[in-house]
Structures are given as structure tokens and as C-alpha cells.
Amino acid sequence: MTTARKSTALRLTAWGTPPRLVDLEVPVPQGTEVLIAVEAAGICHSDLHVIDADAGKMPYSVPFTLGHEVAGHVVAVGPAATGIEIGTRVAVYGPWGCGRCRRCAVGHDNYCDRRSELAWSGAGLGRDGGMADHLLVPAPRHLVPIGDLDATQAAPLTDAGLTPYHAIAGLSGKLREGTTVAVIGVGGLGHLAVQILRAVTPSRVLAVDIREDALELAHLSGADMTTLTKPDTSEVLRAATGGTGVDAVFDFVGSDATLALGARTLRAGGDLVVLGSAAGRLTISKPGPLPPGAALSLPFWGTRPELHNVIALAQAGSLRVETELFSLSAAGEALRRLRAGRIRGRAVLVP
Ligand SMILES: [Zn+2]
Ligand SMILES: [Zn+2]
């Protein structure tokens, strides 16, 4: 553990420029820190938002290593890092908070009370992330053991699995027998949303996308009905519910068009859950585009206890991430394909 080595990392070095592969010294964990040898790191649409951001748009400072969906094994621990063994294979809970507030104390770092004061949102989002040979994790509490689960499955589950799980868990009392939900956007998160809905709710699942192959993936993931986005999609979806509208919409795009579609498709008293970060706008007024009794939520990532549940679902065989694998040196190609909408499921880097 003491030999000086190099670690290759995909780093954002200046705003408005593409990320670069850089050789760094392998970090030595201090205090409660834990050093992970990365086995897999997922690429997320939000990585594109970060890469494309102009200076001053994100609450982060460059340089930092990208990558917020990470799995690997522990190779070194700081002197104050307790409760974790060298060699343990882990998924990394990515939305690192302040570590001191009540939310962080119960593993709800995604809603850290000091979130607005932090210069990061988590691993790879203002702090060095896992698109690298190594990742330094601030504390063992961010690590969830994965046993022998494939790292290329475990890594995307930490966001592409956790984020929809958190959103679905938020409606757990509502999604009873006889309910119908719509999933808009069947990419990395959306195809796992369909599988999680299948696994933990009795709801019928309708899936919507602009791409035929995404609908095929939705079908393989267990959707009851799939439909291409067209001008009459809200009528198609309403017709599938006998005209009442769906009980919940999970919007994994979040554009003007999908927000409007969700609002038009929702049943009275339904839930519009916006997960996609396309910065679309929807007017909130009463009366307005949303039906009476509608609830709107903007969930962000998920909690650490929920990540344990997601990993358990995968270990039980209820979740299967559709992945395309790339070497770390091919990250540029993977990002180009993601940008062009040509990744099926999740792109995952394998250092
Ligand atoms: Zn993400
Ligand atoms: Zn906190």
C-alpha cells in the first residue's frame, strides 16, 4: 500500500473544455478516508450537464475527477476509518453531504441540511469521483458491501438504480393494486424504474420514449405498454387507463414537452415526479395545467438505506442493468455516444 503509484483519472480541468485523462499520484487515505480500487464507473447524463457547464454555472471548482456511480474494492483505509476491511467489495453511496447534520446522520446525505453551503454534490460532482483507477471516499459510511455482485452492475445501481428507487419509495403508500403509472424516458434510469416498479409495486407500467429501441428496452424491463412520443401521446396514455389518467408520472427527461405531457396525462390527485434535469418549465397555478389534487415532487438521488435495498434487489435477481462497457481510455467515445442518444441502457467505464 505504500509504494508510490500512478492512477489514471478522467478529469474536468477547465470549464467549457472536454475532460482529459490525467495521471495522478495514488492518494493515501487520511483520517476516516477509504481508498477504493475502482472496478467500474457508470456515465450519467448529468455528467454531460457538468461537462457542458459554463464557468460559474455549477457550485463546483475545477479540477476534479468525474464519476459518481462507482463500485470497487477497498485497498487502504485511514487511521480513523473503522468497520471496513481491506478487500471488501463495495458500491459507493455518492451524494456526500456535510457528514454532521441530522440528515447525514441517518444516511440521507442527498438532502443534507448544509447542501447549499457545500462546494460539491458528491463524488465526481465537485469532489474527485470514480472515473479513475482509484477513488478516495471520505468515510466508511458511504460504502455498501456488494458481495460477489458484478461491479459493472453495482456501479450504475448507485444512481441509475437508486434515484428511481427513491422516487418510487416516496409514493409507496399510493401505488396500490389497480394503479397505473407512466415512465417518460427509458434510458439508464428509466429502464431501471420500470424494473423497480415491477419488483416493489403492483402498478401497471406504461412507458414512453422518442426512440424505438428504448421502448424495446422498456418492454424487456417489464413495461405493460410502450408508446412512442407523438402529439396525441397523452390521449393514448389516458385511453390506457379508461380515460381517468395515470396515478403517477415519473419524468426522466424534465423538458418543457415532457412536463406538459405529464401534466396532461395525470389523474386528479395524482403525482408528477420530475427526475430528469433538462430544466424544462411548467407553470404552477391554481387552476392551471396540473389536475386538482396533483402533487409535484423533485426527488434528488436517494438515501444510503435505500441503496442497501437496491443492491439487495439486484442480488435477488430483480434488477438487471442494461450496460455498454468501455475502457477508461475510451471515455471520450462513450460520452459522444451518450450525447447522441446512442447508448442502450447505461454506459459503464472499466478502468
Ligand atoms: Zn447521475
Ligand atoms: Zn449534512
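Sequence positions, counted from 1, serve as the residue numbers for this chain. For ligands, and for the atoms within them, numbers begin at 1 and follow the listed sequence.
For the pair D109 and R141, the salt-bridge criterion is met [side-chain N within less than 4.0 Å of a carboxylate O].
Atom-to-atom distance recorded for D133:CG and T8:OG1 is 4.5 Å, nearest 0.5 angstrom. Rounded to the nearest 0.5 angstrom, R102 CZ and C112 SG are separated by 13.5 Å. Here the OG atom belonging to S172 is positioned 8.5 Å from the OH atom belonging to Y165, to the nearest 0.5 angstrom.
Shown are T180, T179, D247; of these, the side chain to side chain donor-acceptor pair (under 3.5 Å) with R267 is made only by D247.
Remark: H219 NE2 is loosely packed, at most 12 non-hydrogen atoms of other residues, nucleotides or ligands lying under 6.0 Å away.
Sorted by chain and number, the protein atoms of type N, O or S within less than 2.8 Å of the Zn ion (ligand 1) are C44 SG, H68 NE2, D159 OD2.
To the nearest 10 degrees, the angle centred on the Zn ion (ligand 2) between SG in C98 and SG in C104 reads 120°.
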